[in-house]
Amino acid sequence: MKNIKFLPLVLFGTSLLISCNNSNNKNASAIENVEVSKENAAEQMDTIVGRGCFEIVTEIPYDIPAQRFDETAQALAHASGCIIKTDFSTTGSIQVNAIKGKMSIHDAILVAIEGTDIKITEETDTSLKVELVK
C-alpha cells in the first residue's frame with residue numbers, strides 16, 4: 001500500500017522534473033538566440049537605416065557650438081555608427097566651427113573643420129580618419 005501511494009508522487013515528481021528541464025532548454029535557446037544576435041549586430045550595423053558616416057542619423061538637427069575638435073568629434077560619434085579616427089594629442093585642442101542643421105556625420109565634420117588645419121584624410125562608410133595637415 002505504501003508503494004502505491006508513493007508511486008503517484010514519484011510520477012508527479014518525474015513529470016515536474018521533465019517539465020523544468022524542457023523550460024530550461026527553452027531558456028537556453030533564447031539565450032543562444034540573443035548571443036547570435038549580438039554576433040550579427042556588428043555585421044548589421046552598416047545596413048541599419050540612419051547609421052554610418054554618410055547617412056543622416058538624427059531627426060533632430062545638430063546644434064553643436066563652436067568648440068574644441070575633441071568635444072565636437074565625441075558629440076558626433078555618439079550620434080552614429082561612424083567611427084572618427086584621430087590623434088587627439090594633435091587635433092583635440094583645435095577650435096572648430098559650430099554645426100547647425102540636419103546632415104550626415106561626414107558633412108558635419110566638414111563644416112566643423114572648414115578653415116582649420118584639420119582634414120579628413122581617409123573615409124569609408126563606417127569610419128573617418130581626421131588628421132592635422134600643415
Side-chain angles (χ1 to χ4, degrees):
M1 196 85 164
K2 288 183 182 177
N3 288 341
I4 295 173
K5 291 181 182 178
F6 185 68
L7 184 60
L9 290 176
V10 170
L11 291 175
F12 176 74
T14 304
S15 67
L16 186 59
L17 180 62
I18 291 169
S19 174
C20 289
N21 284 339
N22 285 341
S23 69
N24 286 341
N25 289 339
K26 289 177 187 174
N27 289 339
S29 296
I31 291 168
E32 288 172 10
N33 287 339
V34 169
E35 289 174 3
V36 169
S37 296
K38 286 180 184 177
E39 290 173 8
N40 291 334
E43 295 171 9
Q44 293 174 2
M45 172 96 49
D46 295 339
T47 60
I48 296 172
V49 175
R51 302 297 270 173
C53 299
F54 296 96
E55 300 293 327
I56 296 175
V57 296
T58 180
E59 292 300 316
I60 302 168
Y62 292 118
D63 190 7
I64 300 173
Q67 58 191 359
R68 294 167 43 113
F69 179 69
D70 56 354
E71 295 169 330
T72 296
Q74 182 177 7
L76 291 171
H78 283 155
S80 75
C82 182
I83 298 166
I84 299 171
K85 299 176 186 178
T86 191
D87 178 1
F88 284 121
S89 68
T90 59
T91 62
S93 63
I94 295 175
Q95 188 75 14
V96 296
N97 304 309
I99 303 167
K100 294 188 184 295
K102 206 172 181 181
M103 63 192 83
S104 68
I105 300 301
H106 178 266
D107 292 342
I109 291 287
L110 288 176
V111 167
I113 65 176
E114 185 177 349
T116 71
D117 290 332
I118 304 174
K119 305 293 179 221
I120 296 174
T121 57
E122 293 177 26
E123 52 190 48
T124 70
D125 288 341
T126 58
S127 69
L128 300 172
K129 185 171 183 180
V130 181
E131 295 179 292
L132 181 63
V133 180
K134 289 186 178 186

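Expressed to the nearest 0.5 Å, how far CD1 of I56 lies from NE2 of H106 amounts to 13.5 Å. The distance from the CD atom of E123 to the CG atom of L110 is 7.5 Å, given to the nearest 0.5 Å. From L76, atom CG reaches atom SG of C53 across 10.5 Å, with rounding to the nearest 0.5 Å. Put simply, CG on D70 and OG on S89 are 11.0 Å apart, with the number rounded to the nearest 0.5 Å. A distance of 11.0 Å separates CD in E55 from SG in C82, rounded to the nearest 0.5 Å. Atoms OH and NZ, from Y62 and K102 in turn, are 10.5 Å apart once rounded to the nearest 0.5 Å.
Taking all atoms of both residues into account, the shortest heavy-atom contact from N97 to E114 is ND2-O, 2.7 Å. For the residue pair R68 and Q95, the shortest heavy atom distance occurs at N-OE1, 3.9 Å. Heavy atoms only, all atoms of each residue included: A112 and I99 are closest at CB-CD1, 3.8 Å. Here the shortest heavy-atom pairing between A75 and I64 reads CB-CD1, 4.1 Å. Between K119 and I113 the shortest heavy-atom distance is CA-CD1, 3.9 Å. Contact between I118 and T91 at its shortest, heavy atoms only, is CD1-O, 4.0 Å.
With a 6.0 Å radius and a threshold of 12 heavy atoms from other residues, nucleotides or ligands, K85 has its NZ atom at or below the threshold.
Using modelled atom types, no side-chain atom of T86 and backbone atom of F88 make a donor-acceptor pair closer than 3.5 Å. In terms of modelled atom types and a separation under 3.5 Å, the side chain of D117 and the main chain of L132 share no donor-acceptor contact.
For the pairing with F69, the side chain to side chain contact (heavy atoms under 4.5 Å, CB included) check across T116, T90, V130 returns one residue only, V130.
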